[in-house]
Amino acid sequence: MNFDYTLAFAKELDQADPLASLRKDFLFPKQNGEQFIYLCGNSLGLQPKAAREVLEQQMANWENLAVEGWFEGEDPWMFYHKELKSLMAPIVGASPLEVCPMNTLTVNLHLLMVSFYKPQPGRFKIIMEAGAFPSDQYAIESQVRFHGYDPKEAIIEVSPRAGEYTLHTEDIIAQIAEHGAEIALVLFGGVNYFTGQWFDMEAITKAGHAAGALVGFDLAHAAGNVPLKLHDWDIDFACWCSYKYQNAGPGGISGIFVHEKHFTDTSLNRFAGWWGYQEAQRFKMEKGFVPEAGADGWQVSCTQVMPMALYHASLKIFEKAGFMETLRIKSETLTAYLIFAVNQVNKELGFEQFKVITPTEAADRGAQVSIIAKDKGKEIFQQLVAHQVLGDWREPNVIRLSPVPLYNSFEDVFKTAELMLKISKEILI
Ligand SMILES: *Cc1c(COP(=O)(O)O)cnc(C)c1O
C-alpha cells in the first residue's frame, strides 16, 4: 500500500477499518478531560469497558452465594476456567485442552521448566535469545542453579551480529545445530520485548527438535499480538501474561500451553497442587497425585476468579473481532504506517533522528515499533508524554510505540508522528 503522510489519509484508513468500532469498548486515560493517545499496549493493555461489570458480577456472586459460588449460580467458579480456555485457544492456535489460565507468567515459566527442563550429564544446556526480558533471564539462571549447574556454562545466548539489533533466523538455527546434543531446552521469547522482533517460532522449534531438545516459548509480547499456531508448530510448551496485548489488567492471570503429545507422559516432573488433581475426584481429598487431563493438570491453586473475570471480559472482545485474523491484517498496516511516518519525520528534519530497530518485514514483527532516538531521546519522550502521547521509554535511548489494532487508529499514528516532528524541531533545531 502507498501511504500518504497527511491527516486526511489517516482518516481515510480509519473509515475503511472494519475493526474501528472496537475502540469504543475500551477506556482511555485522560488528563484535563483530554484523552491520551495510548501506544503502550505492549506494557499494559487498556481497560475494557466491560471489565468493571464482570468484576461486579463476581462481587455479587461472592456476596450472594459465598462458598456456594463454587458450584452454584450462572457460572460456577469450579468450571469458570473452561469458558476462558475455549476463548484463549484460538488466540494462540491450540485446542482448549492444551491451554489453561493460572498463576502469573514468571511463576508459570518456573512450573513449566520443572516439567520440560530435564538436564542430564552431557545434555544440560538451555539456549535462549540474548537480551531476553530480565525475569526470564533470572528464572532460567535460577532453574539451572537449582539443578546444580553453572549458568555461565549451561546457558547459551544467541546474540545479534556486530552492529545489528535483531537476530537472523539462520544464526539461531546454526547455534542450535552447533550445540546440538548438549542442549536440553530451547527457550525463546515469541516477540522480543526490546526490539519487537517476532522470531520464526516454527523454524526454531524444528531446529530444537532436530537437536533432540524440547522447545518452549515465552509469549508475553506475542499472545494477542501476532497470530500463533502453537499446536501445529509442534511447540512443546509456552506461557504468556494477559495484561499486555490481552488487556486483562495489572498483574492479570497468565496462560499456559502444553502440547497434547505430552499429556500421557507420566515421567514429567510437576510441582503439583490440589487444583491440578483430576477434577471429578478432586474433592475426595485422597492421597497420591493424579493429574487432570491436559493443561489443567498443571494447575496448582484454586481458580483466581477475579483475575479470570477480567481476562474473560477482554477475551470476549477478541471473539467479537473474530480472534487474530482481521486484527493481524489491521496490525500489519497500522505498524507499517507508523514506520513510514517515522521515516517521514526524519525526512522533514533532514537527518535520521529516529532509527527504527524493529524489523520492517511484517513477518518479523508484531505491533510494536522500537525506535532509537539519537539525540536528547529522553527529553523528547518526556515531551510526548506531556502532550498526552503515551508510549514507553527503555534505557539507554529507545522509545517503544505499539499501535494496537483493537483500540488504536491511523489518526493516532499520524498525530504521534506530527508531535515527534514538532517536539524534535523545538528541542534539536
Ligand atoms: C512482561 C514480561 C514478563 C513479566 O512477567 P510477570 O511474571 O508477569 O511479572 C516476563 N517475561 C517477559 C518476556 C515479559 O515480556
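When a ligand or atom number is given, it counts from 1 through the structure's own listing order. Keep in mind the model is a prediction, meaning the values are calculated, not measured. For this chain, numbers begin at 1 and follow the sequence in order.
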Are the side chain of Asp218 and the backbone of Gly189 linked by a donor-acceptor contact shorter than 3.5 Å? no

Between Leu230 and Trp240 the two heavy atoms that sit nearest each other are CD1-CZ3, 4.3 Å

Quick one: do the Gln58 and Trp77 side chains pair a donor with an acceptor below 3.5 Å? yes

message = Within the supplied structure, the quantity of interest is the number of heavy atoms (other residues, nucleotides, ligands) at a distance under 6.0 Å from Lys229 NZ; does it exceed 12?
response = no

Side-chain H-bond candidate by donor/acceptor type, Ser159 with Glu157, under 3.5 Å:
no

Numbered in order shown, the ligand 1 atoms found under 4.0 Å of a heavy atom of Thr106 are 5 (O), 6 (P), 7 (O)

Backbone or side-chain N or O of Tyr243 under 3.5 Å from ligand 1 N or O: yes

For His221, the ligand 1 atoms with a heavy-atom partner under 4.0 Å come out as 15 (O)

#### Entry: Side chains of Asn108 and Ser254, donor plus acceptor under 3.5 Å
yes

If we number the atoms of ligand 1 from 1 as shown, the ones under 4.0 Å from a heavy atom of Asp136 are 10 (C), 11 (N), 12 (C), 13 (C)

Within-cut-off N or O pair, Ser135 and ligand 1, under 3.5 Å: no

With heavy atoms and a 4.0 Å threshold, my read on which part of Asp218 contacts ligand 1 is side chain

Note: ligand 1 atoms sitting under 4.0 Å from heavy atoms of Ala220 are 2 (C), 12 (C), 13 (C), 14 (C), 15 (O)

Residue, atom and distance of the protein heavy atom nearest atom 13 (C) of ligand 1 read Phe133 CB, 3.3 Å

Of Thr205, Ile204, Asp200, the one forming a side-chain contact (heavy atoms from CB on, under 4.5 Å) with Glu202 is Asp200

So the atoms of ligand 1 within less than 4.0 Å of a heavy atom of Lys244 turn out to be 1 (C), 2 (C), 3 (C), 14 (C), 15 (O)

